[in-house]
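Only one structure is covered here, and it is reproduced in the block below.
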Amino acid sequence: MSILDRPDPHPLDFDWRFDEESTKRIIDLFSGNTNVLCLGTPSVSTKLSGDNYILVDWHPFQTVENHLRVNINQHSPIITNSDYVIMDPPWYLDIYFRWISWACNSVKPNTKILFPIWPDETRPDAINEKKQLFDWLSIWGEYSLSRNFISYDTPYFEILSNVKSNTKPNPRVADLVVFTFHSSPPLFDPIVNNDTWVRYVFDNYQLAIRVTDSTSSESNEKIEVQFINGMKDWIWPSVSKRAIGRENINIWSSNNEVGIVNNTQNLISLLDKAIESGFYEEDRSTLGELINWNIPLPPYKRIIKWNQRN
């Protein structure tokens with residue numbers, strides 16, 4: 001991966017990316033010189049030229065110019081003159097309701113909204129949840145399905161999860177929904193998550209540290225990282241937000257390494273030092289068990305810090 005590319009996908013971002021063939025098929029559906037609103041779909045926006053697109057994505061590091069850093073789960077819709085919307089929400093019903101209603105309130109009626117839909121085998125309620133969604137779509141317009149239209153590149157964090165859980169990898173494939181709405185549905189309520197993560201990018205490696213109200217008052221004790229029940233060799237063997245034990249994680253990497261850090265403030269201070277003056281062997285020696293993680297060594301081509309409020 002080029003250092004100019006987006007960082008490696010991180011599980012917190014639900015970052016599965018369309019493969020090249022699927023991206024091309026999607027773009028081929030856009031007719032003529034059209035304006036496209038890309039919601040959480042950088043794979044598509046990077047292939048569009050000129051000013052005929054807007055990418056809306058909460059992750060700050062993108063490789064396109066027309067990028068709005070907006071959290072669709074929480075922020076108000078934007079007003080655009082887009083002819084198409086291509087979106088890829090995390091595969092959960094409440095998020096689909098929010099994102100689709102958000103899109104409908106960002107564009108004019110009769111705009112085509114394209115999105116993948118989760119397969120029936122995704123989870124026990126997948127079929128029923130799809131029925132709820134399709135019934136709701138039918139109130140506001142009409143939709144069509146194209147079977148197995150979208151395939152995804154498997155992110156490295158999922159590959160590692162499959163290895164550690166002895167799970168046979170399943171390529172992620174989805175049907176494409178094309179929804180044309182005739183009147184705008186009411187905007188669904190914001191999806192609020194009180195988790196706040198301090199995020200770092202070292203070259204292409206991403207590291208996230210969850211902070212709480214008590215973080216600033218922690219003592220200066222040595223940094224230690226505890227295992228979490230269910231993990232194997234620091235790797236979290238799941239990619240589901242419903243996984244038992246996920247709520248205990250307070251440090252998480254793009255390699256799906258997870259743990260519980262006893263002193264997040266000291267760790268954040270150490271990583272901030274890396275941004276200011278470099279991250280060298282004497283600093284790494286204070287990391288405790290984190291020395292066994294795949295945090296890159298300097299020199300770095302890029303280091304970035306940002307705060308994520310889900």
In the structure I gave you, are the side-chain heavy atoms of Ile304 and Tyr200 within less than 4.5 Å of one another anywhere? no

In terms of heavy-atom contacts, Pro11 and Ser254 come closest through CD-CA, 4.3 Å

Quick check: are there more than 12 heavy atoms from other residues, nucleotides or ligands sitting under 6.0 Å from CG of Asn229? no

Straight-line distance of Asn194 CG to Arg210 CZ, nearest 0.5 Å: 11.0 Å

Within a radius of less than 6.0 Å around NZ of Lys112, do more than 12 heavy atoms belonging to other residues, nucleotides or ligands occur? no

Spell out, as yes or no, whether a donor-acceptor pair under 3.5 Å connects the side chain of Ser238 to the backbone of Ser240. yes

Is it the case that the side chains of Asn73 and Trp102 hold a donor-acceptor pair, with the cut-off being a distance below 3.5 Å and no angle test? no

Rounded to the nearest 0.5 Å, how far apart are CH2 of Trp236 and OG of Ser165? 11.5 Å

Taking atom CD of Glu247 as the centre, report whether more than 12 heavy atoms of other residues, nucleotides or ligands fall under 6.0 Å from it. yes

Quick check: Trp16 with Phe157 (ring centres under 6.0 Å apart)? yes

In plain terms, say whether Arg98 and Asp94 are close enough for a salt bridge, that is, a side-chain N and a carboxylate O under 4.0 Å apart. no

Quick one: does Lys305's side chain have a donor or acceptor within less than 3.5 Å of a partner on Arg199's backbone? no

If you apply the rule side chain to side chain contact (heavy atoms under 4.5 Å, CB included), what do you find for Asp88 with Tyr152, and how did you get there? CA-CA 11 Å; Asp88 190 19; Tyr152 292 80; 3.0 Å; yes

Around atom CD1 of Ile244, are there more than 12 heavy atoms from other residues, nucleotides or ligands closer than 6.0 Å? no

With clusters defined by side-chain heavy atoms of hydrophobic residues (ILVMFWY) lying less than 4.5 Å apart, directly or transitively, does Val177 cluster with Ile127? no

Under 3.5 Å, is there a donor-acceptor pair between the side chain of Thr80 and the main chain of Ser106? yes

Is there side-chain contact between Arg25 and Phe18, with heavy atoms separated by less than 4.5 Å? no

Return the OG1 to CG distance between Thr122 and Asp120, rounded to the nearest 0.5 Å. 7.5 Å

Which atom names give the shortest non-hydrogen contact between Ile249 and Trp197, and what distance separates them? O-CH2, 3.6 Å

Please give me the minimum heavy-atom distance between Glu257 and Asn294, naming the atom from each residue. OE2-N, 3.0 Å

Mind checking whether Tyr156 and Phe202 sit in one hydrophobic cluster, side chains of I, L, V, M, F, W, Y counted as touching below 4.5 Å? no

Is a side-chain donor or acceptor of Asn105 paired with a backbone partner of Pro77 at a separation under 3.5 angstrom? no

Does the side chain of Ile303 come within less than 4.5 Å of Val201's, by heavy atoms? no

Check for a donor-acceptor pair, side chain of Ser253 on one end and backbone N or O of Leu207 on the other, with a separation under 3.5 Å. no

Kindly indicate, with the supporting measurements, whether the criterion side chain to side chain contact (heavy atoms under 4.5 Å, CB included) is fulfilled by Glu142 and Phe179. CA-CA 6 Å; Glu142 64 264 353; Phe179 172 51; over 6 Å; no

Between CG on residue Asn170 and CD on residue Glu158, distance to nearest 0.5 Å: 8.5 Å

Which value, rounded to the nearest 0.5 Å, describes the distance between Leu160 atom CG and Ile235 atom CD1? 5.0 Å

Step by step, would you call Tyr143 with Phe134 a ring-ring contact (aromatic ring centres under 6.0 Å, His included)? CA-CA 8 Å; Tyr143 67 90; Phe134 292 156; 4.8 Å; yes

Can you name the closest pair of heavy atoms from Met231 and Val258 and give their distance? CE-O, 3.0 Å

Go through it in stages, so that I can follow the logic: the residues are Phe188 and Trp136, the test is ring-ring contact (aromatic ring centres under 6.0 Å, His included), and I'd like the CA-CA distance, side-chain angles, deciding distance and then a yes or no. CA-CA 12 Å; Phe188 273 70; Trp136 178 78; 5.6 Å; yes

What verdict does the salt bridge (charged side-chain N to carboxylate O under 4.0 Å, His left out) test give for Asp203 and Lys301, after you've listed the backbone C-alpha separation in whole Å, the side-chain angles of each residue and the deciding distance to 0.1 Å? CA-CA 6 Å; Asp203 290 343; Lys301 292 186 172 65; over 6 Å; no

Tell me if a side-chain donor or acceptor on Trp234 pairs with a main-chain N or O of Asn292 at a distance below 3.5 Å. no

Check: Asp8 main-chain N/O paired with Gln206 side-chain donor or acceptor under 3.5 Å: yes

Polar contact flag, side-chain donor to acceptor under 3.5 angstrom, Asp135-Gln132: no

Check the pair Tyr92, Phe14 against side chain to side chain contact (heavy atoms under 4.5 Å, CB included), reporting the backbone distance first and the verdict last. CA-CA 11 Å; Tyr92 298 96; Phe14 302 96; 3.8 Å; yes

Single-linkage hydrophobic cluster, 4.5 Å side-chain cutoff, Val107 and Ile79 together: no

Side chains of His10 and Gln308: donor-acceptor distance under 3.5 Å anywhere? no

What about Tyr96 and Leu187, same hydrophobic cluster or not, with Ile/Leu/Val/Met/Phe/Trp/Tyr joined at side-chain heavy-atom distances under 4.5 Å? yes

Residue pair Ile86 / Leu39, side-chain heavy-atom distance below 4.5 Å: no

Residue Arg242 excluded, over 12 heavy atoms near CZ under 6.0 Å: yes

Minimum side-chain heavy-atom gap Ile78-Val56 below 4.5 Å: yes

If you take all heavy atoms of Ile251 and Ile260, which pair is closest and at what distance? CG2-N, 4.4 Å

So, Arg6 and Asp57, do they make that salt bridge, N to O below 4.0 Å? no

Are the aromatic ring centres of His75 and Trp58 under 6.0 angstrom apart? yes

Please confirm whether Arg246 makes a cation-pi placement over Trp252, using NZ or CZ under 6.0 Å from the six-membered ring centre and within 45° of the ring normal. no

Is any side-chain N of the basic residue among Lys47 and Glu20 closer than 4.0 Å to the acidic one's carboxylate O? yes

Would you call Lys108-Asp83 a salt bridge at under 4.0 Å N-O? yes

Tell me whether Asp153 is salt-bridged to Arg17, with the criterion being a basic N under 4.0 Å from an acidic carboxylate O. no

Just wondering, do Pro42 and Thr63 contact through their side chains at under 4.5 Å, heavy atoms? no

Does Tyr205 belong to the same Ile/Leu/Val/Met/Phe/Trp/Tyr cluster as Ile159, with side-chain heavy atoms less than 4.5 Å apart forming each link? no

Against the six-membered ring of Phe61, is Arg302 placed for a cation-pi contact (under 6.0 Å from the centre, within 45° of the normal)? yes

Would you compute the distance between atom CG of Leu271 and atom CG of Asn266 and round it to the nearest 0.5 angstrom? 11.0 Å

Minimum heavy-atom distance Ser101-Pro186, with the two atoms named: CB-O, 3.5 Å

Let's go through Asp272 and Ser269 carefully: what are the C-alpha distance in whole Å and the side-chain angles of both, what is the deciding distance for side chain to side chain contact (heavy atoms under 4.5 Å, CB included) to 0.1 Å, and is it a yes or a no? CA-CA 5 Å; Asp272 287 348; Ser269 297; 5.6 Å; no

Is there a side-chain contact between Leu114 and Tyr84 (heavy atoms, below 4.5 Å)? yes

Contact check, side chains of His182 and Asn110, non-hydrogen atoms, under 4.5 Å: yes

